[in-house]
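Following: one structure in structure tokens, then a few remarks.
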Amino acid sequence: MKTQKLHIIPYPKKVTLGDSDAPLTFKGISTTDRSLADHISSFVSLVERIHGVSLPEGEGIKIELDAHLGAGEYRLSVSETGANIAAGDEDGATYALSTLIQLATPCECGNGIYLPKIEIEDKPDCEYRALMVDLARKWHPFETLLGYVDLCYLYKIKFLHLHFIDTQSYTLPSRAFPKMPTEDRHYSFEQIELLNEYARKKGVEIIPEMEVPGHAKSMVIAYPELFADTPVGEGKVDDYALFFADIKSNIICVGKPGIMDTLRTLTEEIIAMFPDSRYLHIGGDEAAIGEWANCRDCTAYMKENGIDGVRPLYTEFIKRMTDMVLELGKTPIVWEGFPKEGSETISKKVIVTAWESYYQLAPDLIEGGFRITNSSWQPLYTVPRGHRVVESGRWTPEEVLDWNIYTWRNWNKKTAAYEKPIIIEPTDQVLGATFCAWENNYEGEIDVVRENLAAMSEKVWNINSDMTHEELRSSLEALLPMSKKITV
């Protein structure tokens, strides 16, 4: 037997090639496990789109579940007698089939695929491997969301985190608050249902994100009587203390009587839209909390509850909000943003996305008992070209490959990760990472996402990856034509 590098991202834990370089031909796929039917259907569909080959049900490739294998684990054996896949669960089956797509080339006969003689044993180091797409600042047509699901499938990205709500727009539908969806910039209930079904069949889990208490202008504008403080006068726009200027209208009033009932109704509606999702991201960062000191309802709430200032009010609100999400049966995720002071009151079931190394540092969050994910601004963000942060709007795939899940860097001089990176000791409290596409339309971000998401997947699937820059580039050259066929 021999070993050599193949064009697979992320690279499997163990790969052994057979002695013969001659590829083997396969013209069908089958299973006896009904739970894998949708996974096979998704695989067949992508093989046809990527390789132009129809692969009907039949002999050749066989996939089954094996209780002896762990979560996300799979084994693949390709020989003259067939291609056999054993998977520990449905995730493992998805990852095995993704590997097959990357390995395959179309048969010259036009009705099958070539695969090398090979043995693979593989499983991810981290389950939390995510792509975040900002839908609220720049509108994304619905079809692009389906393409992102397919890209996640191809690169073995488990979660598609969708930033649905921000200052610029509220992109979810709503029956509870019919004025909330932004005109011409929101999806329908039918589209959300289709997205859920499409992702479920591809083994991708959607993480919906709302946004409170900051980045909430679209909500405040739609319903100032619910999200701004009690008006003086006749309840016109200028009568709300939190509504005098754009920045002030970008934060909700967290002391308003009944605010948590309103947020519970909204949260229940969003949760009901995504029944397959374990998580709900509530946002929680970059809130202009100084405005609460000028808010009649917030100051009254602080006085009534013995809260000494807007910073502890911020932490107290995050506690109220995350406790509510937990009561509703979901695991809340929140951006690093709430103060360290008082954070011991927040449930340690909450997951914190550590991104800027400014509000709270990763070491502090770990010491505080939180589980965290890494969204280091540098190099895990892409923004529009010409952005004040980075002229190219991106970092390179090689820079992503040089990063790891225990490292945070930032371009911003105000952050602790500016002069030198923050590096923590390996710990299971770091669950994984998210690559973030911010502030951009689909056309402006997709080329970067295709490249950098692949590099991030490698470094989260294989924490101690030894892939070189040259190997990454070589693999990208082989895989980018595939990714373009499913994300056009």
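What you are looking at is a predicted structure, and each value in this text was computed from that prediction instead of being measured. One is the number of the first residue; the rest follow in order along the sequence.
Asn374 contributes a side-chain N or O that, together with a main-chain N or O of Ile405, makes up a donor-acceptor pair within less than 3.5 Å. Counting only distance, with no hydrogens or angles, the side chain of Thr415 and the backbone of Trp411 share no donor-acceptor pair below 3.5 Å. No side-chain donor-acceptor contact under 3.5 Å links Lys27 to the backbone of Gly112. Between the side chain of Glu64 and the backbone N or O of Ala87, no donor-acceptor pair lies under 3.5 Å. Ser169 places no side-chain N or O within donor-acceptor distance of the main-chain N or O of Ile165, the cut-off being under 3.5 Å. Checked by atom type and distance alone, the side chain of Ser45 never pairs as donor or acceptor with a backbone atom of Ser41 at under 3.5 Å. Of the possible polar contacts, none joining the Thr171 side chain to the Ala136 backbone as a donor-acceptor pair under 3.5 Å is found. Checked by atom type and distance alone, the side chain of Glu73 pairs as donor or acceptor with a backbone atom of Gly70 at under 3.5 Å. Counting only distance, with no hydrogens or angles, the side chain of Ser218 and the backbone of Asp166 share a donor-acceptor pair below 3.5 Å.
Here CG of Asn440 is found 12.0 Å from CZ of Arg394. Values are rounded to the nearest 0.5 Å.
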Let's go through Glu205 and Arg129 carefully: what are the C-alpha distance in whole Å and the side-chain angles of both, what is the deciding distance for salt bridge (charged side-chain N to carboxylate O under 4.0 Å, His left out) to 0.1 Å, and is it a yes or a no? CA-CA 10 Å; Glu205 188 172 332; Arg129 309 175 309 281; over 6 Å; no
Could you give me the CA-CA distance, side-chain angles and deciding distance for Ile366 and Ile372, then say whether side chain to side chain contact (heavy atoms under 4.5 Å, CB included) is met? CA-CA 7 Å; Ile366 293 296; Ile372 69 175; 3.8 Å; yes
Leu154 and Gln102: side chain to side chain contact (heavy atoms under 4.5 Å, CB included), yes or no, with the steps? CA-CA 8 Å; Leu154 184 65; Gln102 294 191 24; 4.1 Å; yes
Audit row: Phe435, Ile157, side chain to side chain contact (heavy atoms under 4.5 Å, CB included) steps and yes/no: CA-CA 10 Å; Phe435 183 80; Ile157 297 296; over 6 Å; no
Does the side chain to side chain donor-acceptor pair (under 3.5 Å) test come out yes or no for His469 and Glu398, once each step is laid out? CA-CA 6 Å; His469 291 180; Glu398 288 83 358; 5.5 Å; no
Step by step, work out the side chain to side chain contact (heavy atoms under 4.5 Å, CB included) result for Glu48 and Val53. CA-CA 5 Å; Glu48 186 164 9; Val53 171; over 6 Å; no
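Counting non-hydrogen atoms of neighbouring residues, nucleotides and ligands closer than 6.0 angstrom, the CD atom of Glu268 exceeds 12 such neighbours. The environment of CD in Glu57 is sparse: at most 12 heavy-atom neighbours from other residues, nucleotides or ligands sit within 6.0 Å. Within 6.0 Å of the CZ atom in Phe177, the count of heavy atoms belonging to other residues, nucleotides or ligands exceeds 12.
We find that Lys13 and Asp125 are joined by a salt bridge, their nearest charged nitrogen and carboxylate oxygen being less than 4.0 Å apart. A salt bridge links Asp150 with Arg49: the closest approach of a Lys/Arg side-chain nitrogen to an acidic carboxylate oxygen falls below 4.0 angstrom. A salt bridge links Glu127 with Arg278: at least one charged nitrogen is closer than 4.0 Å to a carboxylate oxygen. A salt bridge does not link Asp122 to Lys14: none of the charged nitrogens lies less than 4.0 Å from a carboxylate oxygen. For Glu119 and Arg75, the salt-bridge test fails: no basic side-chain N is under 4.0 Å from an acidic carboxylate O. Salt bridge present: Lys158 and Asp91 bring a charged side-chain N and a carboxylate O closer than 4.0 Å.
Using a 3.5 Å distance cut-off with no hydrogens or angles, the side chains of Ser174 and Glu269 do pair a donor with an acceptor.
Two residues are said to be in side-chain contact when any heavy atoms from C-beta on lie closer than 4.5 Å; Thr267 and Met210 meet this criterion. Residues Leu328 and Arg264 are in side-chain contact: their nearest non-hydrogen atoms beyond the backbone lie under 4.5 Å apart. Using a 4.5 Å heavy-atom cutoff, the side chains of Glu356 and Glu336 are in contact.
Residues that satisfy the side-chain contact (heavy atoms from CB on, under 4.5 Å) test with Asn404, not counting sequence neighbours, are Tyr406, Thr407, Lys459.
For Tyr155 and Trp461, the ring centers are positioned 6.0 Å apart or more. Ring centroids of His281 and Trp335 are separated by less than 6.0 Å, placing the two rings close together. The ring of Phe159 has its center closer than 6.0 angstrom to the ring center of Tyr128.
A cation-pi arrangement, defined by a distance under 6.0 Å to the six-membered ring centre and an angle within 45 degrees of its axis, is absent between Lys201 and Tyr198. Note that Lys348 lies in the cation-pi zone of Phe370, set by a 6.0 Å cut-off to the ring centre and a 45° limit from the axis.
Aromatic ring orientation, Phe164 versus Phe274: tilted (interplanar angle from 30° to 60°). Classified by interplanar angle (parallel below 30°, tilted 30° to 60°, perpendicular above 60°), the ring pair Trp438/Tyr381 is tilted.
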Exercise answer: donor-acceptor pairs, residues 141-149 side-chain atoms, under 3.5 Å, sequence neighbours excluded:
unit_1 : atom_1 : unit_2 : atom_2 : d
Thr144 : OG1    : Pro141 : O      : 2.6
Tyr148 : OH     : Glu445 : OE2    : 2.8

Side chains of residues 474-484: which donor-acceptor partners sit under 3.5 Å, not counting sequence neighbours?
unit_1 : atom_1 : unit_2 : atom_2 : d
Ser475 : OG     : Glu471 : O      : 3.2
Ser483 : OG     : Leu480 : O      : 2.9

